Amino acid sequence: MSVRTRFAPSPTGYLHVGGLRTALYAFLFARQHHGTFILRIEDTDQSRKVEGATEKLIEALQWAGVEFDEGPGKEGAYGPYIQSQRLPIYHAHVNRLVEEGKAYRCFCTAERLEQLRASGATMYDRHCRSIPAAEAKRRVEAGDPHVVRMVVPESGEVRFHDEVRGDVEIACATIDDQVLLKTDGFPTYHLAVVVDDHSMAVSHVIRGEEWLPSTPKHILLYQYFGWEIPKFAHLPLLLNPDKSKLSKRQGDVAVEDYRAKGYLKEAMVNFIAFLGWNPGDEREIFSMEELIRDFSIERVGKAGAVFNIDKLNWMNQQHIKAMPASAVLPLIRPTLAARGWDTFSDEYMRSVIDLMKERVVVTDDFVNTCPYFYEAPSVYDEASRAKNWKPETPAMMRSLKDRLAALTAFDAASIEAALRSTAEELKVGAGKLIHPMRLAISGAANGPSLFHLAEVLGREQVLGRMERALEVLQ
RNA sequence: GGCGCUAUCGUCUAGCGGUUAGGACGGAGCCCUCUCAAGGCUUAAACACGGGUUCGAUUCCCGUUAGCGCUACCA
């Protein structure tokens with residue numbers, strides 16, 4: 001049997017990081033088994049329609065490198081892949097269930113259900129289960145609004161094996177007569193997921209733990225239809241720092257947010273994969289290819305995992321350091337452009353990136369933490385100025401500047417040699433020149449190696465900035 | 001309330017009966033050093049509780065507790 005997995009989000013307008021993790025696991029599993037990964041849009045709630053949501057979802061998935069083989073825009077043999085386009089399929093199936101007595105039409109009004117609940121009932125009282133078929137048919141033909149509910153046995157239990165949790169057992173007496181078809185003719189999740197997973201030949205249902213309690217209903221439906229039951233794997237939830245289910249209000253949950261902040265897709269995928277899974281050894285930095293190779297459902301944990309931004313930051317840094325400057329460059333061009341700094345050559349930018357690589361957390365830092373690569377400083381760090389720009393400093397800077405001007409080669413080694421010999425001649429420690437010079441050419445108290453910084457900036461910039469500092473920093 | 005799931009350092013986790021309970025992030029300290037980083041080294045920090053089973057439980061079983069999830073004509 002070939003492996004077919006799917007990610008079946010409802011289009012809410014953005015891709016939740018928890019959703020990305022679910023999608024990633026389903027994707028990794030499918031790829032590893034040379035199977036098929038499907039994207040299916042579960043848009044059966046008309047009241048929650050969001051314009052452009054599907055497009056955004058697909059874009060976020062593609063950004064992360066979680067590519068689906070079948071789905072909207074990639075029609076395979078099992079489409080359509082958008083549930084709102086599959087209504088006739090659900091109707092046919094639900095009718096079959098009604099005819100076979102495995103589901104029934106329910107004419108109860110919202111008011112009645114509300115009263116029922118208000119009176120303390122925790123489940124539907126099955127009031128319409130006993131309506132004779134002929135009467136139900138008559139009422140349907142008369143246009144009576146109604147839903148279709150599944151018949152749940154009153155006793156016994158449903159057992160199933162979950163790939164991550166083991167055997168699970170739930171008493172039928174605690175399962176409600178679930179609505180399958182809503183008054184508006186749309187299926188509920190429970191009907192649609194079963195019909196679609198079966199008709200799309202899904203072999204492994206990999207989804208969030210929030211679906212575990214309703215899985216027995218799905219099992220029952222598979223049995224009613226006489227279908228083979230797929231394997232289930234319910235993933236642990238992603239949590240807020242306070243351990244509640246990950247949600248906005250407590251930070252960013254949309255993968256687009258992280259992308260916009262300058263997190264690498266490689267880091268995002270690596271980090272999220274490790275929230276609930278690990279290879280069993282001490283490796284932590286994984287590429288998508290390595291994840292596909294080593295992932296296994298057996299090693300997925302059962303407990304929820306807190307989304308820890310500190311670890312993500314570290315991981316992002318690790319991936320940035322491992323990435324060649326030429327690969328980083330296209331990622332920061334837009335950020336540069338937004339600040340009007342898109343005039344620098346690729347060669348210059350690659351030097352900047354190599355220098356900044358290991359002091360950056362997100363890619364935006366290549367722009368925001370080191371503006372001095374893009375324009376001369378207009379303000380100078382006050383603390384550094386107080387500490388390093390002494391009355392005797394200007395004279396020393398003048399000598400240093402003259403030495404630098406006379407250099408034949410303006411590279412880091414030559415600059416360093418010039419500075420150190422100047423310091424020696426002036427009988428002061430090199431720090432007496434290094435710190436003021438850094439302040440003069442960058443305006444900042446810290447940053448990359450001064451000599452390399454000067455080399456990248458170039459002689460003209462360095463000399464000009466030193467002159468300017470001598471004027472400004474009296 | 002009912003049902004279900006879960007439970008190792010603050011966080012992510014390794015562990016699949018006998019370990020000095022390991023690693024990573026974060027914290028602290030030291031080293032390196034022109035600053036900031038990066039890197040290296042060191043260090044503090046955990047088996048929720050109570051019963052069993054067993055020669056022996058972090059590990060298996062049962063309770064308790066706690067957390068979370070579900071309990072919609074939302075997914």
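Just so we're on the same page: letters track the sequence lines, and every chain starts at 1. All values below come from the heavy atoms of this structure, side chains included, with hydrogens, waters and symmetry mates left out. It should be emphasised that the depicted structure is a prediction, and the values quoted were computed from it without experimental measurement.
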Among [options], find the nucleotide with the atom closest to the side chain of [X].
| X | options | answer |
| --- | --- | --- |
| Ala303(A) | rU13(B), rA24(B), rU6(B) | rU6(B) |
| Arg359(A) | rA75(B), rA37(B), rC12(B) | rA37(B) |
| Glu284(A) | rA24(B), rU35(B), rG69(B) | rA24(B) |

Remember a base hit wins even if backbone is also touched, and classify [X] as base, sugar-phosphate or nothing at under 4.0 Å, heavy atoms.
| X | value |
| --- | --- |
| Pro241(A) | nothing |
| Gln318(A) | sugar-phosphate |
| Leu450(A) | base |
| Gly447(A) | base |
| Gly208(A) | nothing |

*When you match Thr109(A) and Lys311(A) each to their closest nucleotide on RNA chain B, which lands nearer the 5' end?*
Lys311(A)
*asked:* I'd like to know whether CD of Glu114(A) has more than 12 heavy-atom contacts from other residues, nucleotides or ligands below 6.0 angstrom.
replied: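 No, CD of Glu114(A) has 12 or fewer neighbouring heavy atoms, counting only those of other groups under 6.0 Å.
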*Quick one: do Phe37(A) and Phe7(A) satisfy ring-ring contact (aromatic ring centres under 6.0 Å, His included)? Show the steps, please.*
CA-CA 8 Å; Phe37(A) 175 60; Phe7(A) 174 50; 7.2 Å; no
Rounded to whole Å, how long is the line connecting atom [atom1] of [X] with atom [atom2] of [N]?
| X | N | atom1 | atom2 | result |
| --- | --- | --- | --- | --- |
| Trp314(A) | rU11(B) | CH2 | C1' | 14 Å |
| Lys245(A) | rC68(B) | NZ | P | 13 Å |
| Asn446(A) | rU35(B) | CG | P | 11 Å |
| Ile285(A) | rC12(B) | CD1 | C1' | 13 Å |

Just the atom pairs and distances: protein N or O near nucleotides 44-50 of chain B's N or O, under 3.5 Å.
none

*Please confirm whether any donor atom in the side chain of Ser449(A) sits under 3.5 Å from an acceptor in the base of rC34(B), or the reverse.*
yes
Mind listing the N/O atom pairs, protein and nucleotides 2-5 of chain B, below 3.5 Å?
unit_1	atom_1	unit_2	atom_2	d
rC5(B)	O2'	Arg165(A)	NH1	2.7
rC5(B)	O2'	Glu209(A)	OE2	2.7

*C1'-based separation of rC73(B) from rC16(B) [nearest Å]*: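 Between the two C1' atoms, the distance is 46 Å.
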